[in-house]
2 protein chains.
Amino acid sequence: MPKIGIKDARRQLLIDATMASIAELGMQNTTILSISKRAGMSSGIISHYFGGKQGLIEAALRYMLHQLGDELRQRMARTDGSPLQRLNCIVEANFSEFQRSPLAAKTWLSFWARSMHEPGLKRLQQINNARLYSNLRYSFAQVLDASEATAAARQTAALVDGFWLRSALSLDPEESFETGEQLCKRFVKDALNQRTNL
Amino acid sequence: MPKIGIKDARRQLLIDATMASIAELGMQNTTILSISKRAGMSSGIISHYFGGKQGLIEAALRYMLHQLGDELRQRMARTDGSPLQRLNCIVEANFSEFQRSPLAAKTWLSFWARSMHEPGLKRLQQINNARLYSNLRYSFAQVLDASEATAAARQTAALVDGFWLRSALSLDPEESFETGEQLCKRFVKDALNQRTNL
DNA sequence: TTTTATTGATTGAACGTTCAATTAACAAAA
DNA sequence: TTTTGTTAATTGAACGTTCAATCAATAAAA
């Protein structure tokens, strides 16, 4: 059975299975067995690769954060760098196909709730929150003065998270994510136009 | 030992203990024992009063929703009924002292995450989401035209939930709730002024 | 006494972790 | 090429723990 170089592939398979289980059963009902069954492996393999269930869950969160970062970087590379375009990239990355999938959306929310009482997850989640805010703040500050940029960045960050949360819990997530993204972009545009300090 | 009114008092004691346990230990680590210990009662009492742990958790959520409704009604009664004032009431109710307490904030987030996979909680949470939106929509529609009112209401609802979520997860919730409330009100004011259709 | 409320020890199911046994891949020897 | 020895990945049964629910015993009120 052992094939060399296959380690990363198996690790990823387990991470995928973890998200699938959390999305389907909830973190509450996600067990070592519900994960390993979905990955087509045995229960013991999780301790072998991740040191335990907790390690796998943290690895899955790190994977999702990594995905989010990738999506942002990809989009940023394809713009001329104007503040409006950069801000739209940030919004789009947070509403990308992967992020809005029921699998990712449910997993995010589960992570967030659990992060309140688990320092390992909390740290990762703080970093993500701070990054979203500072990315927004940077682009707003190129057009608005300091205090306006701060306010606009905080509002946009809350708007993104809020729409995202409401969509994840919505009965029709597809439609909710779509209008959420549009209304975020609309807020960004309005904020730039109406608060410009020239 | 039946004394009138004692039953409700004990039920409330258990609900308080439930929120305290969820806030302190997380829903993950909240057990029948962690609740009953905090309430100074035995473990069996939970089944007696609520039919089981799940029943108690749903009762606690219902209690928090009821609190939110009360806060809104109280504030609404103390205004002249102008759209701006009514909208500010809605924001204030969602950021009231009770709602922003670590106890309530952590409990809300735990409920939301769990509601994804438990129909009983999901139903309650849907009702709450819909109520926030329709309250906002009603007041915006008295000043803005239909499509503007819809957009503003959805944005405000997301803003409230988003600030609320970020505050609950924040390292400094006190400050985060405070500026969140202010920035929500600012958005409402701006939306009314800049989109007015006269 | 009768009724009702409350306790807390007990039960059985479910869980994460562990580890001895197994199996496949690879390397060395024939 | 075939055989044999070595390595490391993988399995899954067993173990100890934890939990929600149950219910017989107890206490208090009527």
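Quick note on labels: first sequence line is chain A, next is B, and so on, each numbered from 1. Keep in mind that what you see is a predicted model, and the values were worked out from it rather than measured.
Taking atom CG of residue B:Leu14 and atom C1' of nucleotide C:dT7, one finds them 14 Å apart after rounding to whole Å. For the pair B:Gln28 CD and D:dC19 C1', the interatomic distance rounds to 12 Å; values are reported in whole Å. B:Lys37 places its NZ atom 14 Å from the P atom of C:dT7, with the value rounded to the nearest Å. A straight line from NZ of B:Lys53 to P of D:dA20 spans 4 Å, rounded to a whole angstrom. For A:Asn29 and C:dG16, the CG to C1' distance is 16 Å, given to the nearest whole Å. The distance between atom OH of A:Tyr49 and atom C1' of D:dA8, rounded to the nearest whole Å, is 10 Å. Across the protein-nucleic acid pair, A:Leu33 atom CG and D:dA13 atom P stand 11 Å apart, rounded to whole Å. Rounded to whole angstrom, the span from the CD1 atom of A:Ile35 across to the P atom of C:dC15 amounts to 12 Å.
Proximity note for B:His48 (side chain, C-beta onward) versus C:dA5, C:dT18, D:dT11: the nearest is C:dA5. In this structure, the nucleotide among D:dT11, C:dT6, C:dG8 sitting nearest to the side chain of B:Ser43 is C:dG8.
Using a 30° and 60° split on the angle between ring planes, B:Phe187 and A:Phe187 fall in the tilted class, from 30° to 60°. The aromatic rings of B:Trp108 and B:Phe111 lie perpendicular to each other, with more than 60° between the two planes, well past the 30° mark.
Using a 4.0 Å cut-off between a side-chain N of Lys or Arg and a carboxylate O of Asp or Glu, A:Glu71 and A:Arg78 do not qualify as a salt bridge.
Between B:Arg10 and the phosphate of C:dT6, there is a side-chain N or O to OP1/OP2 separation shorter than 4.0 Å. Under 4.0 angstrom from either OP1 or OP2 of C:dG8 there lies no side-chain N or O belonging to B:Ser42.
Rounding to the nearest 0.5 Å places CD1 of B:Ile15 at 12.0 Å from OH of B:Tyr49.
Among the protein residues, A:Thr31 comes within range of the sugar-phosphate backbone only, with heavy atoms under 4.0 Å from sugar or phosphate atoms but none that close to a base. The residue B:Ile32 sits close only to the backbone: its heavy atoms come under 4.0 Å of sugar-phosphate atoms, none of a base. At the heavy-atom level, B:Ser36 lies nowhere under 4.0 Å from the strands shown.
Transitive grouping of hydrophobic side chains (ILVMFWY, heavy atoms separated by less than 4.5 Å) brings B:Phe98 and B:Ile22 into a common cluster.
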